[in-house]
Amino acid sequence: MINIPRLTFYRQIHVQNTIGIKRGISCNRMATSTLSSVSHVHQTQTQPHILTNGSTRSFSASSPSQQPSNVGNVGFAEQDTIIGKQAHEPLTVDGIKARRAKAGKLIAPTASYSDSDMFKSPQAFDKPKAKRWDHLLTEESRARKPCALKQAAKHLKKPGLISLGGGLPSASNFPIDHLSMHVPAPPSFEGGDAATAEAGKYDVAKDENGGVYDLAIALNYGQSIGSAQLLRWVTEHAELAHAPPYADWRCALTIGSTGALEQAFRMFCDKGRGDAVLTEEYSFSTALETAAPLGIKVFGVKMDGQGLLPESMDEILEGWDEEARGARKPAVLYTVPSGQNPTGATQSAERRREVYDVCRKHDVYIIEDEPYYFLQMQPYTSHPPSNPPPHSDERAEVKPIPHPETVEQFLKQLIPSLLSMDVDGRVMRMDSFSKVVVPGSRTGWITASEQIVERYIRHAECCSQGPSGISQILMYKLVDETWGHEGYLRWLMHLRLEYTRRRNTILAACEEYLPREVVSWVPPAAGMFLWLRVDHTQHPQASTKSILEIEEDIFNSCIDKGVLAIRGSWFRAEQDVPPSGLFFRTTFAAASEDDMARAIERFGAAVRESFRLASD
């Protein structure tokens with residue numbers, strides 16, 4: 001390895017020994033490479049490339065059959081390599097390791113351009129392309145142009161160029177020289193097994209601590225799509241878990257799913273056009289609060305124990321009356337298919353296909369919000385409530401399914417995502433580290449068609465400029481450099497067992513302390529929420545008090561008794577429509593097992609008191 005001074009590095013420009021990462025296909029060799037003049041460390045902005053045995057390998061941009069889309073609009077090398085076919089192999093965890101070993105080290109200096117096509121497998125391109133969505137995009141979204149300053153970065157490929165352009169501060173003035181974190185190690189993630197991840201300021205130049213991603217890069221400005229280092233992991237993960245069935249899908253890092261949702265709403269919904277969104281009858285309250293200030297009307301679709309009812313959505317769309325509804329026929333569906341917040345409902349594979357088919361029929365774009373997707377649990381096999389809710393056939397006892405032993409088994413047992421069924425490119429899937437690693441990371445990612453990701457990036461360039469660099473390097477060090485794909489999936493396997501145990505604890509408490517004659521529930525199959533249905537028709541004042549009044553009485557009684565259970569009415573998609581029933585949302589995410597039992601006992605006491613039921 002060349003001994004590079006602390007504040008300098010050599011930027012290699014032309015392409016040599018290019019291999020099959022860009023567009024997922026192998027490339028022939030070029031004859032020459034050029035070494036530019038010395039410049040300040042990381043103060044350049046180039047395409048990511050990979051270094052193996054001292055030679056530079058850079059991503060190619062075009063081929064006779066497939067031209068680059070250039071989502072980042074920073075330009076590619078003036079002379080591209082000839083692209084040939086690469087052997088097709090199924091994407092597996094071991095396959096990713098082999099591809100990376102063949103590719104060599106990823107080199108992506110400060111604010112490097114990258115996109116998912118650089119990191120997808122060859123077979124990802126042997127599929128039809130997505131549909132285009134120009135007819136659904138808002139005027140605001142269509143009007144967004146590429147960031148002029150980021151476009152200027154394409155000139156940094158010129159050998160010997162001295163940049164006085166980009167306002168990238170010198171890393172020498174960053175007051176953070178080193179970060180270190182201790183993380184639990186797979187497969188147990190407990191006890192004394194721990195790993196240490198280190199990040200220094202000049203690790204790439206000095207080839208230390210992995211030599212791929214350092215603080216000089218992470219703490220500086222970056223591309224709005226996110227860092228190439230973490231984008232590579234996200235892209236591989238998306239293909240490994242979902243394998244979208246069309247060719248031109250992409251990923252982009254986000255500042256969490258809530259931020260991504262706000263941008264998505266602005267891309268597809270325009271107050272001036274009278275646009276509207278469909279969602280579950282009871283939906284994530286923050287999503288509703290995001291839509292309201294944008295002037296977007298939200299309409300709720302009826303639900304059962306599996307969540308969204310496709311026949312209800314079809315009926316709503318089929319008979320849509322713009323004048324009566326005060327909005328155009330909705331062209332967007334926002335849904336949380338797994339462990340839905342607030343109801344905890346999980347759509348089966350068949351249900352998801354039915355929902356997708358209705359969306360195809362009515363040309364509806366789907367925003368798939370899936371923070372709990374990997375927290376799918378084994379079926380709950382305890383005794384079902386004596387007073388089951390409607391659709392009680394979904395409460396039938398199910399024989400236990402063996403816990404998966406390998407990550408391949410784990411992925412195979414997961415309910416297929418809407419993204420994995422999306423032959424049109426009509427799904428924007430939102431993933432997040434918030435619920436499965438740490439909420440404070442504010443780091444997630446979207447997966448969607450190339451066109452939609454490009455529009456998303458245009459918005460991010462003028463809004464957030466992408467997620468926090470510190471968050472990105474910490475997540476990279478954790479999920480890529482320390483755990484790898486297998487370690488991360490084993491962490492998810494571990495985490496879902498933790499949530500399964502918590503779910504079983506709160507359900508056992510419900511069976512022991514709640515008055516079954518008026519309270520019922522569906523055991524959640526994913527996530528961290530339990531939705532309790534209270535039969536208001538049996539309330540002694542049902543004829544004189546509304547559902548909201550009874551709900552408020554129980555809520556206030558719960559607070560007096562020392563338990564907080566969230567009122568179901570707060571999650572209504574249509575606040576001006578009377579609630580369909582009386583519900584309370586509880587969570588088993590944080591409270592200790594003893595506290596959960598005490599809380600449910602207090603909730604049961606409040607219900608008994610309101611309904612004038614005898615205490616057990």
Side-chain angles (χ1 to χ4, degrees), residues 90-96 121 124 186-187 189 233-245 249 251 257 305-308 335-341 344-356 366-381 394 398-423 427-437 444-447 479 483-503 522-529:
L91 187 70
T92 62
V93 170
D94 289 339
I96 291 173
S121 69
F189 300 98
W233 183 93
V234 161
T235 300
E236 293 167 344
H237 174 81
E239 188 175 354
L240 191 65
H242 310 289
W249 59 272
C251 296
S257 291
Q306 286 191 36
L308 197 72
T335 183
V336 182
S338 307
Q340 195 255 358
N341 186 358
T346 297
Q347 299 173 18
S348 66
E350 182 180 3
R351 176 65 59 86
R352 295 177 199 220
R353 292 187 187 97
E354 291 171 348
V355 168
Y356 186 80
I366 303 170
I367 300 174
E368 179 186 25
D369 189 1
E370 280 284 48
Y372 316 106
Y373 179 74
F374 293 100
L375 297 183
Q376 296 179 34
M377 306 172 191
Q378 307 296 78
Y380 183 68
T381 57
E394 296 162 5
V398 181
K399 291 183 178 180
I401 299 173
H403 291 290
E405 295 182 359
T406 67
V407 295
E408 289 79 15
Q409 291 173 351
F410 171 63
L411 289 172
K412 189 175 181 179
Q413 284 186 11
L414 295 172
I415 299 171
S417 64
L418 287 167
L419 176 65
S420 72
M421 306 173 182
D422 182 21
V423 294
V427 173
M428 174 191 284
R429 179 183 169 90
M430 301 192 307
D431 282 280
S432 174
F433 288 121
S434 292
K435 297 300 190 294
V436 294
V437 184
W445 64 97
I446 59 165
T447 307
V479 302
W483 283 348
H485 286 286
E486 181 167 4
Y488 179 69
L489 291 171
R490 288 201 173 276
W491 167 253
L492 296 174
M493 293 165 66
H494 164 79
L495 197 62
R496 82 163 188 164
L497 291 179
E498 289 292 304
Y499 276 100
T500 300
R501 177 179 56 80
R502 287 178 163 275
R503 176 203 63 179
V522 175
M528 53 184 60
F529 300 109

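Numbers for residues simply follow the sequence, beginning at 1.
- With no hydrogens or angles considered, no side-chain donor-acceptor pair links T346 and Q376 at under 3.5 Å.
- Here the side chain of W491 pairs a donor or acceptor atom with the backbone of V436 at under 3.5 angstrom.
- Taking CD of E368 as the start and CG of D431 as the end, the distance is 8.0 Å to the nearest 0.5 Å.
- In this structure, the separation between CG on L411 and NE2 on H485 is 11.0 Å, given to the nearest 0.5 Å.
- Side chain of R503 to main chain of P523: no donor-acceptor pair is present (N/O by atom type, distance under 3.5 Å, no hydrogens or angles).
- For Q340, the side chain to side chain donor-acceptor pair (under 3.5 Å) test picks out T343, with sequence neighbours left out.
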Kindly indicate, with the supporting measurements, whether the criterion side-chain contact (heavy atoms from CB on, under 4.5 Å) is fulfilled by F189 and W483.
-> CA-CA 11 Å; F189 300 98; W483 283 348; 3.7 Å; yes

Worked verdict on H237 versus F374 for ring pair (Phe, Tyr, Trp, His ring centres under 6.0 Å): CA-CA 12 Å; H237 174 81; F374 293 100; 5.4 Å; yes

Residue pair V423, Y356: steps toward the side-chain contact (heavy atoms from CB on, under 4.5 Å) verdict: CA-CA 10 Å; V423 294; Y356 186 80; 3.9 Å; yes

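- Scored by the side chain to side chain donor-acceptor pair (under 3.5 Å) test, S417 finds H242 as partners (sequence neighbours excluded).
- Residues that satisfy the side chain to side chain donor-acceptor pair (under 3.5 Å) test with T447, not counting sequence neighbours, are absent from this structure.
- Between W233 and Y488, the angle of the ring planes goes over 60°, which puts this pair in the perpendicular group of the 30/60° scheme.
- Put simply, the side chain of Q413 reaches to within 4.5 Å of the side chain of Q378, judged on heavy atoms.
- Here the OG-CG distance, from S338 to D369, works out to 10.5 Å after rounding to the nearest 0.5 Å.
- Shown here is Q409, whose CD atom has more than 12 heavy atoms of other residues, nucleotides or ligands within 6.0 Å.
- With rounding to the nearest 0.5 Å, the separation of OG1 in T235 from CG in L240 is 12.0 Å.
- Nearest heavy-atom pair, G527 versus Y499, reported as atom, atom and distance to 0.1 Å: O-CD2, 4.0 Å.
- L418 and P337 make their closest contact through CD1-CG, 4.0 Å (heavy atoms, listed as atom of the first residue, atom of the second, distance).
- Judged by distance alone, the side chains of R352 and T335 never bring a donor and an acceptor atom under 3.5 Å apart.
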Checklist line | Chi angles and distances behind the side-chain contact (heavy atoms from CB on, under 4.5 Å) call for Q347, L308 | finding: CA-CA 7 Å; Q347 299 173 18; L308 197 72; 3.9 Å; yes

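- Residues forming a side chain to side chain donor-acceptor pair (under 3.5 Å) with T500 (at least two apart in sequence, or on another chain): none.
- Residues in residues 403-417 take part in no salt bridge (Lys or Arg N to Asp or Glu O under 4.0 Å) pair, two or more places apart or across chains.
- Applying the salt bridge (Lys or Arg N to Asp or Glu O under 4.0 Å) rule to pairs touching residues 490-501 yields E486-R490, E498-R501, R501-E593, sequence neighbours excluded.
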Under the criterion side-chain contact (heavy atoms from CB on, under 4.5 Å), I'd like the reasoning laid out for W249 against D422: C-alpha separation, chi angles, the key distance, then a yes or no.
CA-CA 10 Å; W249 59 272; D422 182 21; over 6 Å; no

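- Between Y372 and F529, some side-chain heavy-atom pair lies under the 4.5 Å cut-off.
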